[in-house]
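As structure tokens, the structure follows; a few thoughts come after it.
Ligands are counted one by one from 1 in listed order, and the atoms in each one are counted from 1 as well.
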Amino acid sequence: MLARTPDAPAGVKGISLFIVPKLLVNADGTLGKRNDVHCASIEHKLGIHASPTAVLIFGEKDGAIGYLVGEENRGLEYMFIMMNAARFAVGLEGVAVSDRAYQLALAYAKERVQSRDLSGGAKAVPIIRQPDVRRMLMNMKAQTEAMRALAYVVAAAMDIAHSDPDAALRAKHQAFADMMIPVVKGWSTETCIELASTGIQVHGGMGYVEETGAAQLLRDARITTIYEGTTAIQSNDLVGRKLAREGGATAKLVIAAMRVVEAELAQTPGEDMAAIRAGLADGIKAVEDCVTWIVAAYVTDIKAVHAGSVPFLKLMGIVCGGWQMARAALVSHKRLAAKNGDAAFYQAKIATARFYSDHVLAQAPGLRNTVVRGAAGVMALSEEQF
Ligand SMILES: Cc1cc2nc3c(=O)[nH]c(=O)nc-3n(C[C@H](O)[C@H](O)[C@H](O)COP(=O)(O)OP(=O)(O)OC[C@H]3O[C@@H](n4cnc5c(N)ncnc54)[C@H](O)[C@@H]3O)c2cc1C
């Protein structure tokens, strides 16, 4: 636990890290008496009911005993070692909730019979034949695949940063992982709330009824944008420590890497590839405009940057996710051309990347405008005018 020693400096820099055991340990290593720390109550929460959150009371009777971990006043620094891993893990939680929401919605859409097919026929058909249901399912599938792919790419960067023998390569991948962890955390979790909600919509009225399990996913999803740092805290980290402080150097490397994929798409024939390239090109341009603007405005008008930091985080997630979908489409194209592997799987990958480009990457230019022009409206009112 994090706590302050009596003479600690003010602010977060004075916090220390402690282990506060439930049972104290005797000098000979045997278990000793109960430490004076007790659970006062269990919180009643919106979701994650299998993970109890408790109010603990320390030192009501004899005084609780805690053991200092490492050096005094360095607690927050130590906790951040855990925090990066935890933030990434909560991003994966967003991917997992999204995928489960998709699985439930897909099964229901194939089973639920309602309304006739638009192309004719007298009988009602499974709702998966309705274009809007397909749009919702594709939105869930495409965004979940993009979030998962981006999380895996960042996980691989963390592995390389940890164990590659080449120090320069380790540093490069560490910088990439550091910049992307708030994106994986913030984007995957904000999106999982949206997708869990879409999952309910696919179920219609039954989604609102607990029996299907779709509603639980929305309740469970809601914490993910809050714990281990809210989305705003992730986005502050992204625009400040991860972007402005290094003049956008790592972001520019990412932009260059995305342009390589864009160029490869331009060399690859087919209408789908052209559409994927167009969406990615608009996305890259949007990110580039924002990075240039953020680096400059961070010095002249920091509040304007922070007014658009969450939309920028979303933009980064959407475009970096699109980059991974485009890579997957290129690999699929090659495998199909070589008649190598599961053709239906690769065709679906290309179609899903195309959907992602037309429906998700299409948001990028709008987000760019929000980031670059949106601060005036955010900051205009006085507190009394709210
Ligand atoms: C179920 C659950 C489990 C938890 N588990 C743990 C745990 O195990 N260990 C632990 O230490 N903590 C835990 N927490 C605490 C959790 O990490 C915090 O609730 C979370 O980080 C948000 O902090 P806060 O509640 O103080 O919100 P606040 O900081 O009060 O934030 C309120 C709002 O203000 C915004 N805001 C605040 N500061 C800024 C800023 N600088 N810029 C922009 N916006 C800002 C936030 O984004 C948010 O929208 C848990 C919380 C819950 C609900």
Original post:
In ligand 1, which numbered atoms sit nearer than 4.0 Å to a non-hydrogen atom of Lys45?
Top reply: 1 (C)

**OP:** Look at atom 28 (P) of ligand 1 and say whether a protein heavy atom is found at less than 4.0 angstrom from it.
**Re:** no

Original post:
Are there protein heavy-atom neighbours of atom 36 (N) of ligand 1 below 4.0 Å?
Top reply: no

Subject >> Heavy-atom donor-acceptor pair, Gln174 side chain to Ala157 backbone, under 3.5 Å >> reply: no

Original post:
Quick one: which of Ser309, Ala307, Gly47, Ala232 has a heavy atom closest to atom 44 (N) of ligand 1?
Top reply: Ala232

**OP:** Around atom 19 (O) of ligand 1, find the nearest protein heavy atom and jot down its residue, atom name and distance.
**Re:** Ile226 CG2, 4.1 Å

**OP:** Could you find the nearest protein heavy atom to atom 53 (C) of ligand 1 and give me its residue, atom name and distance?
**Re:** Ile223 CD1, 3.4 Å

Original post:
For atom NZ of Lys242, is the number of surrounding heavy atoms from other residues, nucleotides or ligands below 6.0 Å larger than 12?
Top reply: yes

Original post:
Can you check whether a protein heavy atom sits less than 4.0 angstrom from atom 33 (C) of ligand 1?
Top reply: no

**OP:** Indicate yes or no for a side-chain donor-acceptor contact from Lys185 to the backbone of Thr224 under 3.5 Å, with no hydrogens or angles considered.
**Re:** yes

Original post:
Which residue and non-hydrogen atom of the protein lie closest to atom 51 (C) of ligand 1, and at what distance in Å?
Top reply: Tyr227 CB, 4.4 Å

Original post:
Taking heavy atoms and a distance under 4.0 Å, where does Glu43 meet ligand 1: side chain, backbone, both or neither?
Top reply: neither

Original post:
Counting only N and O atoms by type, is there a donor-acceptor contact under 3.5 Å from the side chain of Lys45 to the main-chain atoms of Ser51?
Top reply: yes

**OP:** Measure from the side-chain N and O atoms of Asn35 to the backbone N and O of Val37, and report whether any donor-acceptor pair falls under 3.5 Å.
**Re:** no

Original post:
Hey, is the main chain of Met140 close enough, under 3.5 Å, to the side chain of Thr144 for a donor-acceptor pair?
Top reply: yes

**OP:** Return a yes/no value: protein heavy atom under 4.0 Å from atom 47 (O) of ligand 1?
**Re:** yes

Subject >> Geometric class of the His306/Tyr298 ring pair [parallel <30°, tilted 30-60°, perpendicular >60°] >> reply: tilted

Original post:
Looking at atom 11 (O) of ligand 1, is any protein heavy atom nearer than 4.0 Å to it?
Top reply: no

**OP:** Examine Thr230 against ligand 1 and note whether any of their N/O atoms are separated by less than 3.5 Å.
**Re:** yes

**OP:** Check for a donor-acceptor pair, side chain of Arg4 on one end and backbone N or O of Pro9 on the other, with a separation under 3.5 Å.
**Re:** yes

Original post:
Does atom 21 (O) of ligand 1 have a protein heavy-atom neighbour under 4.0 Å away?
Top reply: yes

**OP:** Taking atom 15 (C) of ligand 1 as the reference point, report whether a protein heavy atom occurs under 4.0 Å from it.
**Re:** no

**OP:** Of the side chain and backbone of Thr231, name the one, both, or neither that has a heavy atom under 4.0 Å from an atom of ligand 1.
**Re:** neither

**OP:** From atom 38 (N) of ligand 1, work out which of Thr225, Asn236, Val90, Ile233 has a heavy atom at the shortest distance.
**Re:** Ile233

Original post:
Is a donor on one side and an acceptor on the other found under 3.5 Å between the side chain of Gln234 and the backbone of Glu228?
Top reply: yes

**OP:** Decide if atom CD of Glu60 counts as having more than 12 heavy atoms of other residues, nucleotides or ligands within a radius under 6.0 Å.
**Re:** no

